[in-house]
Amino acid sequence: MKDKAFTLAEGATHADMFKGSHKNAFTLAEVLITLGIIGVVAAMTLPAVIQNYRNHVVETRLQKFYTVFNQAIKLAEVKYGDKKDWYIDASGVELDDEGNPILSTSEIDSWFSKYLSSFIVLKRKSDKDGRLLYYLSDGSAFQLGTQGNASLRDIYFYPGNPEKCQGSDKDMVGKCVWKFEYLPTNNSSGWKYGYNKGLEPFFATWDGNQEKLKTDGTRGCYVDSELKSFCTMIIMQNGWKIPKDYPWKVFY
């Protein structure tokens with residue numbers, strides 16, 4: 001018997017097999033319309049995705065800084081005793097007649113180097129305009145003292161490069177820099193929330209009124225206040241998460 005050659009199914013032809021196959025393909029116009037829709041959706045959602053990521057980085061670094069700094073204080077207490085005994089409200093860098101910082105003249109830096117630098121890993125530090133900037137390995141930085149008020153009690157934290165966060169407190173605090181306080185020795189009414197504690201979100205003059213954290217005319221976070229110092233406290237009280245109704249876009 002001869003082998004039967006393979007044939008197409010009865011009545012089928014090559015033309016039948018592929019007939020209409022091109023009808024399932026997209027036309028150029030359909031592809032372009034689809035790409036356009038995808039582009040519009042991406043343009044609408046990408047800024048929110050980017051901002052959510054920025055929020056997450058800021059939240060993570062704020063909490064990390066708070067934890068690391070307070071761990072350093074506790075370790076220093078083991079070595080030097082009660083923090084109230086060795087804390088000083090130190091001053092900043094001395095300036096020359098032209099306003100330039102004189103290196104190695106900072107009482108703040110001497111205090112920090114003695115008590116805390118062994119317990120906080122620093123990438124580098126710099127003297128700047130009478131302030132001390134300390135850079136951390138994760139890209140963040142913190143500042144002891146402020147220009148015109150070089151005092152150890154005021155601590156500014158930058159989740160990113162401080163050079164990208166230049167301006168007044170009104171413009172920058174709560175957006176790219178956050179304020180903390182460290183004053184464990186003062187139990188007066190304006191400082192009671194920091195008495196015998198370590199690093200805390202800025203609390204000076206706060207009377208415990210939650211609404212005041214948002215609306216205080218000088219330090220409130222949700223209004224166009226002069227300092228916006230209470231923004232750190234709001235984020236901490238929200239579990240170190242930026243609230244959904246937070247009024248400012250953060251960056252670092």
Side-chain angles (χ1 to χ4, degrees), residues 61-96 101-138 140-159 162 169 173 177-208 219 227 229-233 235-237 240:
R61 292 184 180 178
L62 275 170
Q63 184 175 16
K64 179 182 177 182
F65 174 66
Y66 176 79
T67 301
V68 168
F69 204 97
N70 280 310
Q71 285 177 342
I73 292 172
K74 291 179 180 179
L75 290 171
E77 282 192 293
V78 173
K79 185 174 182 179
Y80 298 105
D82 193 323
K83 57 183 169 292
K84 295 194 301 296
D85 295 333
W86 44 267
Y87 172 84
I88 58 173
D89 200 6
S91 61
V93 180
E94 294 180 12
L95 304 179
D96 62 23
I102 304 173
L103 301 183
S104 303
T105 61
S106 171
E107 187 179 13
I108 287 179
D109 190 45
S110 297
W111 178 91
F112 181 84
S113 296
K114 179 178 180 179
Y115 294 106
L116 297 184
S117 63
S118 298
F119 311 113
I120 298 178
V121 178
L122 299 176
K123 186 177 180 181
R124 62 187 175 92
K125 63 182 179 181
S126 68
D127 300 295
K128 183 175 181 180
D129 300 331
R131 299 164 287 170
L132 269 296
L133 281 171
Y134 299 87
Y135 294 81
L136 301 171
S137 57
D138 65 358
S140 62
F142 62 95
Q143 173 183 305
L144 304 181
T146 62
Q147 190 170 19
N149 182 26
S151 169
L152 178 58
R153 72 179 67 177
D154 298 313
I155 300 178
Y156 282 51
F157 176 70
Y158 300 87
D169 283 7
V173 171
V177 60
W178 278 262
K179 295 181 73 171
F180 289 85
E181 292 283 0
Y182 179 46
L183 187 65
T185 59
N186 192 330
N187 62 354
S188 63
S189 59
W191 297 89
K192 61 182 179 180
Y193 290 103
Y195 179 68
N196 200 28
K197 293 184 180 180
L199 181 77
E200 293 295 327
F202 187 94
F203 53 79
T205 73
W206 185 48
D207 59 6
R219 296 177 173 84
L227 302 175
S229 310
F230 291 147
C231 289
T232 317
M233 180 73 77
I235 294 174
M236 180 190 182
Q237 289 187 349
W240 292 109

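Values in this document were obtained by computation on a predicted structure and should not be read as measured data.
Leu183 contributes atom CG, which lies 12.0 Å from atom CG of Leu199 (distance to the nearest 0.5 angstrom). A distance of 14.0 Å separates CG of Asp154 from OH of Tyr182, quoted to the nearest 0.5 Å. Atom-to-atom distance recorded for Lys83:NZ and Leu116:CG is 11.5 Å, nearest 0.5 angstrom. Put simply, CG on Asp109 and CG on Leu152 are 11.0 Å apart, with the number rounded to the nearest 0.5 Å. With values rounded to the nearest 0.5 angstrom, Leu62 atom CG is found 10.5 Å from Thr67 atom OG1. In this structure, the separation between OG1 on Thr205 and CG on Asp207 is 8.0 Å, given to the nearest 0.5 Å.
Annotation: side chain of Arg153 is in contact with side chain of Trp191 (closest heavy-atom distance under 4.5 Å). Using a 4.5 Å heavy-atom threshold, the side chains of Tyr193 and Glu200 count as separate. At a threshold of 4.5 Å between non-hydrogen side-chain atoms, the residues Val173 and Leu227 do not count as touching. You'll find the side chain of Glu77 reaches within 4.5 Å of the side chain of Asp82, heavy atoms only. Side chains of Gln143 and Val177 form no contact here, defined as non-hydrogen atoms less than 4.5 Å apart. Contact check for Pro159 versus Phe157: side-chain heavy atoms found under the 4.5 Å cut-off. In this structure, the side chains of Arg219 and Trp206 stay at 4.5 Å or more apart for every pair of heavy atoms. Counting only heavy atoms from C-beta outward, the side chains of Lys192 and Phe203 never approach each other to under 4.5 Å.
What you find for Met236 and Pro201 is that their closest heavy atoms are SD-CG, 3.1 Å. The minimum heavy-atom distance linking Ser113 with Lys125 is given by the pair OG-NZ, 3.7 Å. When every heavy atom of Ile73 is checked against every heavy atom of Gly198, the shortest pair comes out as CD1-CA, 3.8 Å. Across every non-hydrogen atom of Leu136 and Phe142, the tightest pair is CD2-CE2, 3.8 Å. Contact detail for Leu144 and Tyr134: the closest heavy-atom pair is CD1-CE1, 3.6 Å.
Without hydrogens or angle criteria, Trp178 side chain to Cys231 main chain gives no donor-acceptor distance under 3.5 Å.
Listed by chain and number, the residues in a side chain to side chain donor-acceptor pair (under 3.5 Å) with Tyr135 amount to none (sequence neighbours excluded).
Within the structure, the salt bridge (Lys or Arg N to Asp or Glu O under 4.0 Å) test picks out the following pairs touching residues 63-73 (sequence neighbours left out): Lys64-Asp138.
The aromatic rings of Trp240 and Tyr66 sit tilted relative to each other, their planes meeting at an angle between 30° and 60°.
Of the candidates Tyr115, Trp111, Phe119, Tyr87, Tyr115 is the only one forming a ring pair (Phe, Tyr, Trp, His ring centres under 6.0 Å) with Tyr80.
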Please assess Tyr195 against Lys84 for the test side chain to side chain contact (heavy atoms under 4.5 Å, CB included), listing each intermediate value before the final yes or no. CA-CA 9 Å; Tyr195 179 68; Lys84 295 194 301 296; 4.0 Å; yes
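Ring-centre distance between Phe180 and Phe65: below the 6.0 Å cut-off.
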